[in-house]
There are 2 protein chains.
Amino acid sequence: MTPEREIVELTKALIRFPSTHSRPSEIQRCADHIASWLSGHGVVFERTDVQGTPSLIVLPEPGYAEVLLMAHFDVVEAGDDMLFEPRESDGRLYGRGAVDDKYAVAAAMVLFRNTLERLRADGRGQADMPFGLLLTGDEEVGGFNGAGAAQKNIRTDFTIAIDGGRPDLIVTKEKGLLHLELSAPGQSAHAARPWLGQSAFDILVEDYSAIKKLFEAQRSDHWHKTMVLSICEVGDGSVNKVPGQARAMLDIRYTEEDDPEAIVAAIREVVRSAVRVDALEPVFIGGESPYLDLLVRHSGGAAVGFEHGTSDARFFSSQGIPGAVWGAEGEMSQHSQEEHVVIASIVMLYDGLDHFFTALKK
Amino acid sequence: MTPEREIVELTKALIRFPSTHSRPSEIQRCADHIASWLSGHGVVFERTDVQGTPSLIVLPEPGYAEVLLMAHFDVVEAGDDMLFEPRESDGRLYGRGAVDDKYAVAAAMVLFRNTLERLRADGRGQADMPFGLLLTGDEEVGGFNGAGAAQKNIRTDFTIAIDGGRPDLIVTKEKGLLHLELSAPGQSAHAARPWLGQSAFDILVEDYSAIKKLFEAQRSDHWHKTMVLSICEVGDGSVNKVPGQARAMLDIRYTEEDDPEAIVAAIREVVRSAVRVDALEPVFIGGESPYLDLLVRHSGGAAVGFEHGTSDARFFSSQGIPGAVWGAEGEMSQHSQEEHVVIASIVMLYDGLDHFFTALKK
């Protein structure tokens with residue numbers, strides 16, 4: 001089987017596990033599948049569990065890998081369970097997690113196994129591998145128990161998070177992340193007498209409009225802060241009541257030019273809702289390094305640039321370890337109902353990484 | 001025990017059942033309690049079950065009561081379970097259902113039993129009662145399986161729904177009701193790239209603002225149409241996604257001067273969301289009748305007027321049977337966290353009804 005076909009088939013197998021955070025047992029079953037595959041190919045690995053989050057760690061020697069490839073096997077919710085049935089069409093593989101990030105887990109596994117087999121044919125083994133793998137199960141909910149916990153126990157000189165970028169774009173800068181909860185105060189009343197109450201939804205809508213004004217700046221490359229209201233819950237389920245409470249979650253992304261504390265303060269200034277900071281993640285700055293130069297040289301012509309997402313890469317970069325985010329082509333479909341990965345681009349990524357590691361060993 | 005004390009204690013017992021529509025077994029247990037009380041006092045009744053909704057029907061003779069007293073023992077959600085622990089303070093009884101409508105169930109039960117005992121002392125019995133009771137468990141969700149179904153099997157000449165009004169206000173006109181569901185179409189995307197999606201929440205907020213403009217007319221007596229957004233659900237629970245769907249429920253009340261179909265058409269005209277009619281209830285017009293005149297005469301000086309709520313009274317009035325809505329004083333607290341009934345006003349209501357029925361028998 002070609003690496004391409006093996007990666008695609010392995011990705012399909014991973015997609016069939018609906019490993020969302022509403023179904024933690026499916027995240028475990030997906031980890032079981034990966035562990036079983038690694039065992040079957042004689043790869044030595046460690047499986048950790050941090051507060052219920054499984055991670056699979058594959059290293060050349062205990063606690064160290066010169067380069068660490070990172071990917072994750074948890075996915076966002078699908079809305080439709082049909083997304084857990086992978087399908088190929090027009091050179092693309094469709095399904096929840098196809099590009100975010102199960103193809104990357106599969107590609108990293110196959111690349112590790114193939115590199116190891118070449119070493120074995122040469123009389124050497126896993127201890128001679130130029131890279132390790134960190135495969136985690138909680139990237140979509142912040143990565144704290146996966147990459148966050150693993151970072152404390154793994155030394156490395158360079159990380160590559162296969163979770164973003166494109167074959168022609170190696171990412172060394174990603175926005176920071178803020179998750180805020182708004183709680184609007186209202187006054188419940190019977191819906192037949194709305195003048196006796198105060199709709200919490202009305203307050204929330206006013207606050208939302210005021211916050212939107214803080215995010216009006218636009219640039220054609222979108223390297224500016226953004227805000228999305230992603231969750232909203234109003235009332236207590238009674239259709240005939242003026243809602244006495246309303247809650248919303250905001251997903252805010254910011255650049256190295258923004259101060260996240262100042263963003264929170266500016267929001268608090270313009271709203272009536274209570275504002276709680278639910279998550280605050282730094283900007284990822286991968287930095288300069290000879291590893292980056294070598295990766296670019298073997299990438300087949302990729303540019304170095306920025307991206308709007310966040311990834312687990314920040315856990316190592318925030319400790320001063322240089323890194324990059326790179327990946328196959330998903331045509332911006334991650335998290336959508338049309339999530340897919342362009343199969344030919346997986347091969348470009350695979351070959352680029354293979355050449356990079358071959359050069360590294362010399 | 002005075003009627004006042006007995007009604008208050010019985011109301012407290014009923015409040016302790018959290019008989020909301022999220023807990024159908026508690027609605028059944030509340031019905032059990034009422035049934036057991038009636039049996040214990042030798043009252044002949046029928047318990048019906050229509051699609052899971054229990055009703056207790058007490059009639060002088062099969063299928064007929066000259067006057068029918070109506071009340072309901074289901075309640076709206078409480079938010080806080082402490083509302084199911086009744087408490088008396090400052091002449092008021094607090095708790096979910098205190099005024100809407102468990103005091104009314106208790107008052108109707110005690111009035112029936114006391115009237116029956118006077119008849120029995122006179123050598124007569126239930127067949128000589130001038131009124132019957134219809135106690136139902138689904139008023140807060142439309143009343144279709146309770147009063148709606150019972151109306152088909154009970155003949156009566158006048159209904160009094162003890163579910164609104166005040167001691168000094170007998171209601172013969174109530175607004176109609178429209179429940180609409182809005183479904184806003186969006187385009188999901190990763191929250192890091194909001195420019196690739198279309199927030200369904202943004203569309204919903206635009207639609208809500210446009211609909212609000214249709215409800216701007218105000219009168220000091222509030223006898224005009226009103227609109228409340230009572231429920232809103234956005235996204236699929238993922239905090240890092242542009243929400244691809246948003247759903248809202250609107251509670252609209254209208255007067256006899258409005259055409260509900262025209263309201264729906266006007267809303268459809270100004271929104272991008274899909275609009276589904278979930279409920280459409282007519283205006284209640286109780287009409288003129290000698291019974292109303294007699295009730296007013298014995299009410300202790302009540303005026304006849306309108307109210308903004310709806311009640312199960314409409315099921316009989318829509319069949320041409322005259323009726324009224326009357327009740328104790330709740331100081332507009334129904335459905336709120338401070339729901340209560342003024343205890344002295346229960347006695348005023350009880351005495352008014354007692355005098356009315358005494359006059360009727362003559």
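Chain letters run A, B, ... following the sequence lines, proteins first and then strands; every chain starts at 1.
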Let me know if [X] has heavy atoms under 4.5 Å from chain A in its side chain, its backbone, both or neither.
X	value
V228(B)	side chain
H179(B)	side chain
E140(B)	both

Output the option from [options] having the highest count of non-hydrogen pairs under 4.5 Å with chain B.
options	value
E174(A), M332(A), E233(A), E338(A)	M332(A)
Q187(A), M227(A), Q337(A), K212(A)	K212(A)
I252(A), D202(A), T310(A)	D202(A)
A191(A), S188(A), S336(A)	A191(A)
S333(A), C232(A), P194(A)	C232(A)

Q) Angle class for the F201(A)/F201(B) ring planes (parallel below 30°, perpendicular above 60°, tilted otherwise)? A) perpendicular
Q: Could you tell me how the ring of W195(A) sits relative to the ring of H308(B): parallel (under 30°), tilted (30 to 60°) or perpendicular (over 60°)?
A: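 Perpendicular: the ring planes of W195(A) and H308(B) meet at over 60°.
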Q. Non-hydrogen atoms of chain B under 4.5 Å away: do they reach the side chain of H190(A), the backbone, both or neither?
A.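 Interface part for H190(A): both.
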**Q.** Proximal component of I231(A), with respect to chain B [non-hydrogen, under 4.5 Å]
**A.**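 Its backbone and side chain both get close to chain B.
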Q) Say you draw a straight line from NZ of K175(A) to CZ of R193(B); how long is it, rounded to the nearest 0.5 Å? A) 9.5 Å
Q | Heavy-atom contacts under 4.5 Å, residues 236-250 of chain B to chain A | A | D236(B), G237(B), S238(B), V239(B), N240(B), K241(B), V242(B), P243(B), M249(B)
Q: Tell me, out of D100(B), T226(B), D278(B), L229(B), who's got the most heavy-atom pairs with chain A below 4.5 Å.
A: L229(B)
Q: Would you name the heavy atoms of A192(A) and R253(B) that are closest together and state the gap between them?
A: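 Closest heavy-atom pair between A192(A) and R253(B): CB-NH1, 3.6 Å.
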